[in-house]
Amino acid sequence: LLVLDCFLSFRWLVIAVGLVRAYLAKGSYHSLYYSIEKPLKFFQTGALLEKYLLIAKYLPGIVPSSVVLTAFQVMSRVFLTWAVTHSVKEVQTEDSVLLFVVAWTVTEIIRYSFYTFSLLNHLPYLIKWARYTLFIVLYPMGVSGELLTIYAALPFVRQSGLYSISLPNKYNFSFDYYTFLILVMISYIPIFPQLYFHMLHQRRKVLSHTEEHKKSE
C-alpha cells in the first residue's frame with residue numbers, strides 16, 4: 001500500500017510539474033491543457049481500477065456511502081476527461097478545463113501524501129490540516145470547472161450530433177447526447193452536496209479530535 005500511495009502521489013506531481021513548466025515556457029495559463037493531456041488521460045483512467053479495488057475490498061458486505069460517493073467522483077472525472085474534453089476538441093482551450101485540472105491535481109497530491117504519511121505513522125499536522133481544509137475551496141473550484149466545460153461543449157455537441165442516435169434505425173432506439181449532458185449537469189445538484197458535507201463532517205471530527213489530543217498532552 002505504501003508503494004502504491006507513493007506512486008499515486010507521484011503521478012499527480014507529474015501533472016503539476018507539467019503545468020508549471022508549460023506556464024513558464026508560454027508565460028500564459030491559456031491552453032495549458034495540451035501540456036498534460038496524455039498523462040491526465042492515463043492517470044485519471046487508471047483511477048478507475050484503484051476505486052474498483054477499493055469497493056471490492058468491502059464486498060460482499062455493505063459498501064460505505066463515502067466509498068460510493070468517491071466512486072461517483074472518479075467516474076465523473078473519467079467522463080469529463082474522455083467523453084467531454086477529449087471528444088469535444090473545441091473546449092480544450094477553455095479556461096474552465098484548467099480550473100478543474102488544477103483542482104484535481106492539488107486535491108490528489110494532498111490526498112495521497114496524507115495516505116503515505118499515515119502508513120508511515122508519521123503524519124505532519126500541516127498535511128492533515130490541508131487534507132481536511134483545502135477541499136473547502138478545491139471542491140467547488142473543480143465542480144465549477146467541470147460544469148462550465150460541459151456547458152461550453154453543449155453547442156458543439158448539438159451542432160455535430162456527437163454520440164447521438166436518431167430514429168429510425170434497426171434497433172428502434174434513440175439517444176440524444178446533448179440531453180444526456182444536461183442531465184449529467186443536473187445530477188451534480190444531489191451528488192455534490194453529499195460529498196461536500198461528508199467532508200465537512202469529517203473535518204470537524206478529525207481536526208477537533210486532533211485539537212483535543214494536543215490539549216491533553
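All values below were derived from every heavy atom in this structure, side-chain atoms included, with hydrogens, water molecules and symmetry-related copies excluded.
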Does atom CE (M185) have a neighbourhood of more than 12 heavy atoms from anything else shown, all under 6.0 Å? yes
Are F114 and Y132, when compared by the centres of their aromatic rings, separated by less than 6.0 Å? yes
So E146 and V84, do their side chains get closer than 4.5 Å, heavy atoms only? no
Please determine whether residues L162 and I150 belong to a single hydrophobic cluster, defined as Ile, Leu, Val, Met, Phe, Trp and Tyr linked transitively by side-chain heavy-atom distances below 4.5 Å. yes
Can you sort out the partners of T81 under side chain to side chain donor-acceptor pair (under 3.5 Å), two or more places apart, ordered by chain and number? none
Between side-chain atoms of residues 20-33 and protein atoms elsewhere (two or more places apart, or another chain), which donor-acceptor pairs fall under 3.5 Å?
from: K26; atom 1: NZ; to: S31; atom 2: O; distance (Å): 3.1
from: S28; atom 1: OG; to: H30; atom 2: N; distance (Å): 3.2
from: H30; atom 1: ND1; to: D95; atom 2: OD1; distance (Å): 3.0

Those residues that, when tested against E37, pass salt bridge (charged side-chain N to carboxylate O under 4.0 Å, His left out) (two or more places apart): K41
Among all residues two or more places apart in sequence or in another chain, which pass the side chain to side chain donor-acceptor pair (under 3.5 Å) test with S96? T149
Is there a side-chain contact between P124 and F117, using heavy atoms and a 4.5 Å cut-off? yes
Evaluate whether atom CZ of F156 has more than 12 neighbouring non-hydrogen atoms of other residues, nucleotides or ligands under 6.0 angstrom away. yes
Considering residues, nucleotides and ligands other than K89, do more than 12 of their heavy atoms fall under 6.0 Å from its NZ? yes
Might you confirm whether atom OH of Y34 has over 12 heavy atoms from other residues, nucleotides or ligands at distances under 6.0 Å? yes
Run the numbers on Y171 and I165 for side-chain contact (heavy atoms from CB on, under 4.5 Å), then give the verdict. CA-CA 10 Å; Y171 301 107; I165 302 173; over 6 Å; no
Group every Ile, Leu, Val, Met, Phe, Trp and Tyr by side-chain heavy-atom contacts under 4.5 Å, then state whether V17 and I15 land in the same group. no
For the residue pair W12 and T105, what are the closest heavy atoms and their distance? O-CG2, 3.4 Å
I189 side chain near I186 side chain, heavy-atom distance below 4.5 Å: yes
Using the test side chain to side chain donor-acceptor pair (under 3.5 Å), find all partners of Y163 that sit at least two apart in sequence or belong to another chain. S87
Going by the angle between their ring planes, with limits at 30° and 60°, are Y177 and F175 parallel, tilted or perpendicular? tilted
Considering only heavy atoms from C-beta outward, does the side chain of K128 approach that of V206 to under 4.5 Å? yes
In Å and rounded to the nearest 0.5 Å, what is the CZ to CZ distance from F42 to R11? 9.0 Å
Kindly compute the distance separating CZ (R158) from CG (L154), expressed to the nearest 0.5 Å. 8.5 Å
How far apart are the C-alpha atoms of W129 and L134, what are their side-chain angles, what is the distance that settles it, and do they pass the side-chain contact (heavy atoms from CB on, under 4.5 Å) test? CA-CA 8 Å; W129 179 87; L134 294 186; 4.2 Å; yes
So, taking the atom named CE in M199 and the one named NE2 in H201, what distance separates them when rounded to the nearest 0.5 Å? 11.5 Å
Would you call T85 and F79 a side-chain contact if the rule is heavy atoms closer than 4.5 Å? no
What ring-ring contact (aromatic ring centres under 6.0 Å, His included) pairs are there with at least one residue in residues 82-106, not counting sequence neighbours? W82-H86, F100-W104
Please round to the nearest 0.5 Å and tell me the distance separating atom CZ of R131 and atom CD1 of I109. 13.5 Å
Heavy atoms of V78 and T45 approach each other most closely as CG2-CA, 4.4 Å
Between the main-chain N or O of K205 and the side-chain N or O of S208, is there a donor-acceptor pair closer than 3.5 Å? yes
pair R77-E108: side-chain heavy atoms closer than 4.5 Å: yes
Are F10 and I110 connected in the hydrophobic side-chain network, where two residues link if heavy atoms are under 4.5 Å apart? yes
For Y196 and F135, I'd like to know if the aromatic rings sit close, meaning centre-to-centre distance below 6.0 Å. yes
Cluster check V14, I36: I/L/V/M/F/W/Y, side chain < 4.5 angstrom: yes
Hydrophobic cluster identity match, L147 and L181, side-chain contacts under 4.5 Å: yes
Just do the side-chain contact (heavy atoms from CB on, under 4.5 Å) check on V102 and M141 with the steps written out, would you? CA-CA 9 Å; V102 170; M141 176 180 166; 3.7 Å; yes
Any idea which heavy atoms bring I127 and S113 closest together, and the distance? CG2-C, 4.2 Å
Working note: F180 + V184, criterion side-chain contact (heavy atoms from CB on, under 4.5 Å); need CA distance, chi angles, decisive distance, verdict. CA-CA 6 Å; F180 177 74; V184 168; 3.7 Å; yes
